[in-house]
2 protein chains.
Amino acid sequence: MTGSLTVTETDEERDATQLILQDIQSGVYAPGTWLKQIDLEIRYGRGRNEIRRALDRLALKRVVEHVPNRGYHVYLSDGKQWDDIAEIRIMLETGIAGKVIARATSMDVSVLRELADRFQGLLHSGTVLELYEANLAFHRAYVDLAGNAELHSVIAELRQRTSSAPVSQWHTRSRIEVSAAEHHQMVNAIEQKDEPWLKTLIEQHIRQK
Amino acid sequence: MTGSLTVTETDEERDATQLILQDIQSGVYAPGTWLKQIDLEIRYGRGRNEIRRALDRLALKRVVEHVPNRGYHVYLSDGKQWDDIAEIRIMLETGIAGKVIARATSMDVSVLRELADRFQGLLHSGTVLELYEANLAFHRAYVDLAGNAELHSVIAELRQRTSSAPVSQWHTRSRIEVSAAEHHQMVNAIEQKDEPWLKTLIEQHIRQK
DNA sequence: GTTGACAAAATTGGTACCAATCCTATTTAC
DNA sequence: GTAAATAGGATTGGTACCAATTTTGTCAAC
């Protein structure tokens, strides 16, 4: 089943790693699928070398799994892994709550609110990937308020590990609606500098999704 | 300056990534040093391909930095980065304190104590690398008690980011002695199930080093 | 003596080829 | 009819080669 559909011109210069990752996150490659080098080579119009490097990186990120002389296949995440990562994210995102509240200016709050609005706006019109990225942007903006440059990349990595199948995460529309509402509540909590409330919200938000 | 010294036979089968990482951590390659592919090829007796993959991985881990058409050089860590990573580690390692105390059996405690002893024992006779690894083993055992498989790798990654020059971390012997003492105090805190004390100890321990 | 241009050497990074390995389909024996 | 064996095809992964780029060394001009 050698796919022959080539991607759009705008992706021409982007890194193959991100393109493959995006396709995995969009559900193009289902968990367990074997990623044949030739197929990827054709699909993304890259050399064998770049494809191999991309696969190696994704294997390091635990997005795909490498079996010697067999190839790479999309990782099948078990329930335990999801729980473990959720727990870590809760520790980190609640851990910075105090710092975020202390540092957030009124302008920061309106930026956050805007991002929360954008997520909510995509609820009806947006694709799964757009929703995923809007959600990512909101959390990223929140984390950035802590002023910890390293934390940013740590959480990004964590998210990538579970996001193998974001489609399966948000099954129902009602769940996404809850998420959107929680985003706004988080913004309010930051605005009112209510740290305990913010922490509770974050824990709920990460666990349920 | 093409080095020609080959490593021992036992390292023959190990991954080049870890060998290079170890040499960086041991201080063989000082921060800022350019890692030429040919040199590494000879030193570790590997093909060009494996060396490139290893460098790419280390670049991803932020241990080295990649400059297109120039090569890879050992990363120069600034003070801010160290503080940021220390903060993350504190959030995570104190965050699991309650779980560790709840789950730790008396056998787990004695294992920890043994590791703390080993670190202390190496204080006089051990090399910097041995000390580094003994310290790593202790913290790894502590983290494992939380039963979070993902956390293990997250913290390992974090440690690697700053450990570019572990030699410079432990300047004086007195500091290492303090670390050894704190390890034992942590074990005691776990044994007595004193969570606040354990958290305080961890924060002190990570910050000072 | 210093600065700038130019040539030579060295290094990186991509492409192509080929061996080793694994999967699949057909054939053969029972 | 079923199961094992074998041949064929496909895929991975390593090695070697070569082009593009950069750095170093040399020479000339000011």
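As the structure is a prediction and not an experimental result, all values here were calculated from the model. Just the heavy atoms: all of them, side chains too, but no hydrogens, waters or symmetry mates, feed the values below. In what follows, chains carry the letters A, B, and so on, assigned in the order in which the sequence lines appear, proteins first and then strands, with residues in each chain numbered from 1.
The distance from atom CH2 of Trp34(A) to atom C1' of dT11(D) is 11 Å, rounded to the nearest whole Å. Rounded to an integer number of Å, the gap from Arg48(A) CZ to dA16(C) C1' is 11 Å. Put simply, CD on Glu41(A) is 12 Å from P on dT11(D), counting in whole angstrom units. Nucleotide dA16(D) holds its P atom 14 Å from the CD1 atom of Ile38(B), rounded to whole Å. Remark: P of dT15(C) and CD of Glu50(A) are 9 Å apart, rounded to the nearest angstrom. The interatomic distance linking Gln37(B) (CD) with dA16(D) (P) rounds to 15 Å, in whole Å. Atom CZ in Arg53(B) sits about 16 Å away from atom P in dG14(C), given to the nearest Å. With rounding to whole Å, Lys36(A) atom NZ is found 12 Å from dG9(D) atom C1'.
When heavy atoms are screened at a 4.0 angstrom cut-off, Ile51(B) is found touching no nucleic acid atom at all. Within the 4.0 angstrom heavy-atom criterion, no nucleotide atom of any strand lies near Leu55(A).
Between the side chains of Thr105(A) and Asp108(A), at least one donor N or O sits under 3.5 Å from an acceptor N or O. Checking Tyr44(B) against Asp15(B) by side-chain atom types alone, no donor-acceptor pair falls below 3.5 Å. A donor atom on one side chain and an acceptor atom on the other are found under 3.5 Å apart for Gln25(A) and Tyr132(A).
At a threshold of 4.0 Å, the pair Lys80(B)-Asp84(B) counts as salt-bridged, since one of the basic side-chain nitrogens sits closer than that to a carboxylate oxygen. A salt bridge does not link Glu114(B) to Arg118(B): none of the charged side-chain nitrogens sits closer than 4.0 Å to a carboxylate oxygen.
Taking side-chain N and O atoms only, His66(A) has no distance below 4.0 Å to OP1 or OP2 of dT12(D).
For Asp117(A), the side-chain contact (heavy atoms from CB on, under 4.5 Å) partners two or more places apart in sequence, or in a different chain, are Arg113(A), Gln120(A), His184(A).
In this structure, of dT11(C), dG13(D), dG14(D), it is dG14(D) that holds the atom nearest to the side chain of Asn49(B).
Contact of Arg52(B) with dG14(C) (side chain to base): a donor-acceptor pair of N or O atoms is detected under 3.5 Å.
A centroid separation of 6.0 Å or more is found between the aromatic rings of His66(B) and His73(B).
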Could you go through nucleotides 21-24 of chain D and list every protein N or O atom that sits under 3.5 Å from one of its N or O atoms, giving the distance for each pair?
residue: dT23(D); atom: OP1; partner: Arg70(B); partner atom: NE; Å: 2.8
residue: dT23(D); atom: OP1; partner: Arg70(B); partner atom: NH1; Å: 2.7

